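Beneath this line is the structure, given in structure tokens, with notes to follow.
All chains are named by letter (A, B, ...) in the order of the sequence lines, taking the proteins before the strands, and each is independently numbered beginning at 1. Remember, predicted model here, so these are calculated numbers, not experimental data.
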There are 2 protein chains.
Amino acid sequence: MISSVPTSPGTGRKRPTIRDVAREAGVSYATVSRVLNGREWVSPESLKAVQDAIARTGYRANPHARSLATGRSGSVAFLLTEPQHLLFEDPNFSVLLRGVAQALSDRELTLILMIAATEKERARALDYLGGRHVDGVLLVSPHSGDPLLARLVRAEVPIVACGRVLGHEQAISSVAADDRGGARAAVEHLLSVGCRRIAAITGPQDTSGGVDRLGGYLDVLAANGIEAVPERIAHGDWSRESGAAAMRLLLDRAPDIDAVFVASDAMAAATLPVLRAAGRRVPEDIRVVGFDDTGVAATTDPPLSTVRQPYDRISEEMVRLLTDVIGGRTPLAVTVPTTVVLRQSSPG
Amino acid sequence: MISSVPTSPGTGRKRPTIRDVAREAGVSYATVSRVLNGREWVSPESLKAVQDAIARTGYRANPHARSLATGRSGSVAFLLTEPQHLLFEDPNFSVLLRGVAQALSDRELTLILMIAATEKERARALDYLGGRHVDGVLLVSPHSGDPLLARLVRAEVPIVACGRVLGHEQAISSVAADDRGGARAAVEHLLSVGCRRIAAITGPQDTSGGVDRLGGYLDVLAANGIEAVPERIAHGDWSRESGAAAMRLLLDRAPDIDAVFVASDAMAAATLPVLRAAGRRVPEDIRVVGFDDTGVAATTDPPLSTVRQPYDRISEEMVRLLTDVIGGRTPLAVTVPTTVVLRQSSPG
DNA sequence: CTGAAAGCGCTTACAG
DNA sequence: CTGAAAGCGCTTACAG
């Protein structure tokens, strides 16, 4: 059966509309709409009549009609632009996803997950987001050079990023942990327990997290009159494999290091087997401090000292900011504090 | 500025509509619609004129208007009803998510991720899905007793599940690996290499995967005249922690076992540290075989022998089936074959 | 092959 | 406090 009238599938019965409810309640359908939207100017009697009629008919608003009339979709995209494997191996993303899903649900907003890893997916994402299927976009781990970002900004899509978007700070609201401060605290801790030859494994240098966490490390060295040795700095891309590779490189180039500050827990966790294989004991021979405290940190062997990001605050703020931007407010950058958590890989 | 007219946010400029394109092209807007939908009955000249006009105006169809007119949303929900922690610790879900996202994207369908873990989220999910925001639902790891399922079926929402939904086989289409056959092959392998006291760690018994993988294990014992010993069977819930607990229980109740068949890789991976702590060498003292081959299997120490599910086929079939059901076709159950993959935890 | 028209189901000023 | 009416931007028979 082909029909242009949307029906309950299977039954062929039409769903009740606002008119059916109005008839049932003995009021105009404008009044039903007012009740539906909780507006003022409805008498108690009408209110009751409408509510009863809704219950009796099993009425449910048609979301598409509503969106057409209001211009709002009631949904928000969670856009993931990292290569797909990171979604699975870096707990950062799933923790954020969970928090955002929660915060969105509290506001009756729907989460649309978009993975834009391949070229084709990226083109489709731009089309979709630019076509106003969603009211706004939550951007995870943005890289500054990404052409998709510039296009989204040009299309004037409301965006809030997790981490500042280098080069788009004015146009894109962001929520970030205090990456620089957290990194400083971590390295100061290492200094305070006697480490003097501290290495660093960074995140990608086209992300604010990658840049700022390295910045914090350099700050502390400078403040303490310690020279920053290039051989003691290795770059990763957040992936576990890159963390392991960076650790191998450091052991090779700077075998005398007595500590390593790693820009993410996922990468830090990957350094542990490398160190064990090299015969270095953690923390006796070399201390390791990570960043994130996503949950893996507590389960590695030994458990990781790390810098905790308040993920619940981050996701909550991202959603709040996005509703602001959708409402027409100007972009803003929010920074939330971090705390150092000490475990076996570098006890206090 | 408050306005009921949707505008490009920021600029206040209205987006071009189908009428603007029609005027620009010098045709009626019905013709523009035909071009948009690739229908027949459009002359080459009109086609060209419309295409040019679309390019010139930067026109993009309003998805809400289209949905209102067609009764289709163009989106599909990926519904996750497991407690949230499983999303992160069982790679099964993320692998499926990735595959489904791909298959959906190929058909120009959008994936809406819904996590229905808390009571509140479940109520909202029912509301949302029953309200026809989406054209259909992809159900991951359904438990037979779940009241949400019954309600979804009553609301006649098109559904395809991953794994048969016990008790709703007639109403809900499903795609499942050959769980029973895969389990049989795994246990036969253990038998063939000389194991005689084979234990099993199952999945939840209100899921088809949980039931069928245990069934395959029992089949093989029966076929070989081996008595099924209750002490050698422990139940898990797919979580890592449950796998570790089940292994401890088995070592306690049946210390003489020489192999264990585990219903998922996540649980199997968790048995490894338990066995090591108990001083049992794998595979010398005890062999371990998992199920899934999600990727973790290859990275454990030692790497896991396991039963591989063809995830790409599963996600592809789920999406195909769902479009069938949305199109009005009757429910179907699809089973895809599995293969045994041998690694260090139980070499051939 | 094409256009005029009805219809999808809502929201929201506007006039009472 | 309430109703009639216009409008949101499409799709789709229907009549040419």
Side-chain angles (χ1 to χ4, degrees), chain A residues 1-8 13-50 53-54 57-74 131-133 135, chain B residues 1-8 13-50 53-54 57-74 131-133 135:
Chain A
M1 183 189 92
I2 295 177
S3 160
S4 71
V5 180
T7 58
S8 287
R13 218 173 37 238
K14 286 172 68 170
R15 301 180 64 199
T17 75
I18 204 175
R19 303 189 121 92
D20 298 318
V21 175
R23 191 179 323 116
E24 188 79 14
V27 299
S28 77
Y29 63 87
T31 299
V32 176
S33 179
R34 284 190 200 96
V35 171
L36 253 26
N37 293 288
R39 299 192 107 80
E40 57 253 74
W41 310 132
V42 177
S43 68
E45 303 81 59
S46 298
L47 179 64
K48 171 107 175 61
V50 171
I54 288 175
T57 55
Y59 170 79
R60 262 170 171 149
N62 178 315
H64 307 307
R66 179 170 280 174
S67 289
L68 178 57
T70 62
R72 288 284 167 80
S73 74
R132 317 225 69 87
H133 276 80
D135 296 335
Chain B
M1 181 190 92
I2 295 178
S3 161
S4 71
V5 180
T7 59
S8 286
R13 219 175 34 239
K14 287 171 67 169
R15 300 180 64 198
T17 74
I18 204 175
R19 303 188 120 90
D20 298 318
V21 175
R23 190 179 324 114
E24 188 78 13
V27 299
S28 76
Y29 63 86
T31 299
V32 176
S33 179
R34 283 190 200 98
V35 172
L36 254 24
N37 294 286
R39 298 191 107 80
E40 57 253 75
W41 309 133
V42 177
S43 68
E45 302 81 59
S46 298
L47 177 64
K48 172 109 176 59
V50 171
I54 288 175
T57 55
Y59 170 80
R60 260 167 172 151
N62 178 315
H64 309 307
R66 178 170 282 174
S67 289
L68 179 56
T70 61
R72 289 283 168 79
S73 73
R132 318 225 68 87
H133 275 81
D135 295 335

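The gap from the C1' atom of dT12(D) to that of dG16(D) amounts to 16 Å, rounded to the nearest Å.
Atom P of nucleotide dG7(D) and atom CG of Asn62(B) are separated by 17 Å, given to the nearest angstrom. Put simply, CD1 on Ile18(A) is 18 Å from P on dC8(D), counting in whole angstrom units. Atom-to-atom, CZ of Arg19(B) to P of dT11(D) comes out at 12 Å; the value is rounded to the nearest Å. Residue Leu68(A) contributes atom CG, which lies 13 Å from atom C1' of dT12(C) at whole-angstrom precision. If you take NE2 of His133(A) and P of dC10(D), they are 12 Å apart, rounded to a whole angstrom. The separation between Arg15(B) atom CZ and dC10(D) atom P is 8 Å, rounded to whole Å. Distance, Ile54(A) CD1 to dC10(C) P: 10 Å, rounded to whole Å.
The side chain of Thr70(B) approaches dT12(D) more closely than any other nucleotide in the set dC10(D), dG7(D), dT12(D). The side chain of Arg66(A) lies closest to dC10(C) when the candidates are dC8(D), dC10(C), dG7(C). Checking dC10(C), dC10(D), dT11(C) against every side-chain atom of Ala61(B), the shortest atom distance belongs to dC10(D).
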For nucleotides 3-5 of chain D, give me every protein contact, N/O to N/O, under 3.5 Å, one pair per line with atom names.
from	atom 1	to	atom 2	distance (Å)
dG3(D)	OP2	Ser28(A)	N	2.9
dG3(D)	OP2	Ser28(A)	OG	3.0
dG3(D)	OP2	Thr31(A)	OG1	2.9
dG3(D)	N7	Arg34(A)	NH2	3.2
dG3(D)	O6	Arg34(A)	NH2	2.4

| note | Taking Watson-Crick and G-U wobble contacts under 3.5 angstrom, with | marking pairs to another strand and [ ] crossing pairs, the secondary structure of DNA chain D is written |||.||||||||.|||
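Within the nucleic acid shown, Arg72(B) has no heavy atom closer than 4.0 Å to any nucleic acid atom.
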